[in-house]
Amino acid sequence: MSDTTNRAAGRPGKKGGWSIIQLLLEGRAFFGLIAIVMTFSMLSPNYATVSNFLIMSNHVAIFGLLALGMLLVILNGGIDLSVGSVLGLSGVFAGFLMQGVEIQSAGVIVYPPVWAVVVLTVALGAFVGMCNGVLVAYFKVPAFVATLGSLYVARGVALLMTDGLTFNNLSGDPALGNTGFEWLGFNRIAGVPVGVLILAVAAIVTGVILSRTAFGRWLYASGGNARAAELSGVPVRRVQVIVYSLSGVLAAFAGLVLSAQLTSAGPQAGFTYELTTIAAVVVGGASLMGGRGTVTGTLLGAFVIGFLSDGLVIIGVSSYWQTVFTGAVIVLAVMLNSIQYGGRGKT
Amino acid sequence: MRVPETDEAPQVAPDTTEVVLAARNVSKSFGAVHALKGVNFDVHRGQVTTLFGENGAGKSTLMKILSGVHLPTSGELILDGEAVEIASTVEARDLGIAIIHQELSLAPNMTVRDNIFLGCEIMGSTGVNYAEEGRQARELMRELEEDIDPLTRVEDLRLGQQQIVEIARALSANSRILIMDEPTSALSASEVEVLFKVIRDLKARGVSIVYISHHLEEALTITDHAVVLRDGVMTAYAPRSEIDLEWIVRNMVGENFDIGSPPSRHEMGTTALELRGLTVPATSFTGNAVDGLDLSVKSGEVVCIYGLMGAGRTEMMECVAGRLPATAGRVLLHGQDISSFTIAQRIEAGLVLVPEDRQRDGLVQTMTVGRNLSLASISDFTRGLFTNRRDENRIIEDSIREVTVKTDGPDATIGSLSGGNQQKVVIGKMLATTPSVVVLDEPSRGIDVGAKAEVFRILAEHAKNGMAVVFSTSEVGECLSIAHRIIVMRRGRIAAEFTQDTTKEAIMAASGESLVA
Ligand SMILES: Nc1ncnc2c1ncn2[C@@H]1O[C@H](COP(=O)(O)OP(=O)(O)OP(=O)(O)O)[C@@H](O)[C@H]1O
Ligand SMILES: [Mg+2]
């Protein structure tokens, strides 16, 4: 038998060395964005101009709003395929309200003011999202299927409402008191487009919700392990319903901003945007398994996707190649995600 | 002959048996954490070598190195006298090394049969030979004396049964070295006895076994050699004939202490938790898992629930916590009927459950240690709309101190903690809600003697301050530690009730367990 009490010295805390790689990995979306801006600036003199940045940021605003909602859903371990359709439906619904609503029993046509149009449209987005949430949380329909259903239904309703046509007149009439819709798309405050400001506000609110409220903590916990979260007193189902509703709300805002930017509302608006949006969230470092992801990452992801596709257009790459590039970036991003999350826990 | 290569390792006593697999001067670091520091470890042919050590001592890490999960940072492995590099679990399997992991590694959506043969399917002329696999799976279940249909899906099994499947999988590999990292943590005494019979058979066939367990007495009955690890260093080594329980504990923690401190005699309060005719249907068979159960627990009282696997303990506790619905009966908390409350409302009212399966029900793997600890008490550090970081950190630091979690800090990932420390996080999380009734399902699962004593001490202290404590265990020894009352469950009913002055034998007999010499 042999004992010793000989123990090795304490644990020296050694860091550095490979921390450069760590930093590059952690900030990959950021460095990717810088690389994109530098590359396209060299390739085209038109890229790094104020006017182009304004155009690009208008595009980013749309994707950014959708991506914030998608981030919430993905953090919760779900997916929302309906955002593109909800965007389209919201635009059409707003356009429909701007044309005036005829109330048959009273025999009058009501022209709601712009603020009412915004409120009603956002409420519609929330309603569609809530339906998704209820299906997922209470009827146990897989998120993929439930939101795929709403993708079709919302698009179909948008087509029905317009008969497949587009509302081209959204400017309203001063006599009817419903002017000002373009403000959302064209105006700038201190040089910043309103759409971008809306994105900034939405991002800050989302960030605060995620990091500083009980709801944010519930969201991360139920996305990481719903069973454990439930046993710790997290109202898992309620969280799910709220999350999908918020995604719907943000998609409705994106629909309003987009139709204001285009000064028209077509039923095909936002077609396949859900995929671009998922790409932005993933490029921003969120895990599709749920529980991991940040607002800053997602915004960067939206910028990367937006600046990349616009850059490819500017340097005149064919749209076929654009598709190839975007796909490659997404795969690369997911690969880096799994390197970063690999070996940490089982999910 | 084995000669230690560093001064850190103790002088190894000469031994006549042959060494099949040896680790020489093995070190392993995870970033700044040095989990193993120059460890020498021998596996003897046809014998059982048991590794003892506190939570986080590095036992699982060493086993993962031997089985190809991790590569050592430095040092080498010697198999049959030759240096080998085991770079993957597949290579380990080809070399004849199989492992039963501490944290179960089964695919829950697949059947028992498919899990057992996962990665080494038996091929016939037209693809996988399911009939043969099924036959062998049934054979294994028979050997383990467990009544599990090979076509059941793993997620429909109780934790203990899943552990049996994990064991069966390792046995099916017919390996010559079998590593068992806490194989019995969810098994009851009679099942452990069956496992030990299997181990003796394997030994007779020349299979070498490495065994890890925090059930020290149990491990002593099966082992031939004992090795003690402490903070990643091997501190002691001896053959079975030279050691006893006291030796292990002294080498593991450096001091000896009483594991079963008797319950304090203090005044009990009024009835805190009452179950009236509680009936819970079973998920895996037709019938009731809990069958018209009546139980009442006073404030300040500690009640231990003992029973075999399938006695209905987990179902009863999950129903009390609000996870499983009852088909009949009521749950009363301080006289108030809470049968219709949600889990969150029950926690708010002061009733919490520490679940049995920490990976599935206890931890959020994507969150840090700190956020896991504070998860159940979010409302306690929310001021108005927002969470308050300072209050949260206070709660986290208090619980890390109270349940003595060994961690780099609150920001460490949960996966970086050793199994026992993860268990302490689950307990700490629920205690942080300052409950008045706490229900713990196998709270000592996977924690070391020191921590076990610590957890029971904490519970006893809370009880003294008026908390009602109900805990379940499959280790008879634990029944006699702090409990005022011992309830034996059998087939969903209370089979017997004992006070402190009973014996292990009486408890086991009441549970329907045959005593093995
Ligand atoms: N993947 C990892 N990353 C970082 N640290 C780790 C990792 N795995 C283990 N460790 C650390 O290494 C040490 C040894 O862990 P190990 O799991 O081997 O302990 P153990 O002896 O098996 O404990 P237990 O009895 O609780 O299972 C611990 O301090 C643990 O935190
Ligand atoms: Mg371990």
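In what follows, every chain begins at residue 1, and chains take the letters A, B, ... in the order their sequences are listed.
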Quiz prompt | Per-residue contact mode, B:Thr342 against chain A (heavy atom under 4.5 angstrom) | solution = neither
Quiz prompt | B:Ile347 versus chain A, the contacting section by heavy-atom distance below 4.5 Å | solution = side chain
Practice problem: Please indicate whether B:Phe52 has more than 12 foreign heavy atoms, meaning atoms of other residues, nucleotides or ligands, lying under 6.0 Å from its CZ. | Solution: yes
Quiz prompt | Max heavy-atom pair count under 4.5 Å with chain A, selected residue of B:Arg358, B:Glu348, B:Glu392 | solution = B:Glu392
Exercise. Nearest 0.5 Å please: distance from the CZ atom of A:Arg292 over to the OG1 atom of B:Thr366.
Key: 6.0 Å
Self-check item: Atom of A:Gly233, atom of B:Ala344 and distance for their closest heavy-atom approach
Solution: O-CB, 3.3 Å
Self-check item: chain A contact via B:Gln345 - side chain, backbone, both or neither, heavy atoms under 4.5 Å
Solution: neither
Quiz item: Checking B:Leu375 against chain A: side chain, backbone, both or neither under 4.5 Å from a heavy atom?
Solution: both
Practice problem: Heavy atoms only: give me the nearest A:Ala228-B:Gly362 pair and the separation to one decimal. | Solution: CB-C, 3.8 Å
Quiz prompt | Neighbour count above 12 (heavy atom, 6.0 Å) for B:Arg383 CZ | solution = yes
Quiz item: What's the spacing between A:Asn225 CG and B:Ile414 CD1 if we round to 0.5 Å?
Solution: 11.0 Å
Self-check item: A:Val208/B:Phe386 under side chain to side chain contact (heavy atoms under 4.5 Å, CB included): CA gap, chis, key distance, verdict
Solution: CA-CA 9 Å; A:Val208 170; B:Phe386 300 113; 3.4 Å; yes
Quiz item: If you round to the nearest 0.5 Å, how far is OG of A:Ser232 from CG of B:Asn372?
Solution: 8.0 Å
Self-check item: Crowding at OH, A:Tyr138 (>12 non-hydrogen neighbours, <6.0 Å)
Solution: yes
Quiz prompt | Engaged part of A:Ser222 at the chain B interface, taking heavy atoms whose separation is under 4.5 Å | solution = neither
Quiz item: What pair of heavy atoms forms the shortest contact from A:Ala214 to B:Thr382, and how long is it?
Solution: CB-OG1, 4.1 Å
Quiz item: If you draw a 6.0 Å radius around CZ in B:Phe341, do more than 12 non-hydrogen atoms from other residues or ligands fall strictly inside?
Solution: yes
Exercise. Working to the nearest 0.5 Å, report the span between CD of B:Gln359 and CZ of A:Arg227.
Key: 13.0 Å
Exercise. Could you look at B:Ser105 and say if it's the side chain, the backbone, both or neither that has a heavy atom under 4.5 Å from chain A?
Key: neither
Exercise. For A:Leu231 and B:Met430, work out which heavy atoms get closest and say how close.
Key: O-CE, 3.9 Å
Quiz prompt | Heavy-atom pair of closest approach, residues B:Gln365 and A:Gly224 | solution = OE1-O, 4.4 Å
Quiz item: Take atom CZ in B:Arg240; do more than 12 heavy atoms of anything else shown fall under 6.0 Å from it?
Solution: yes
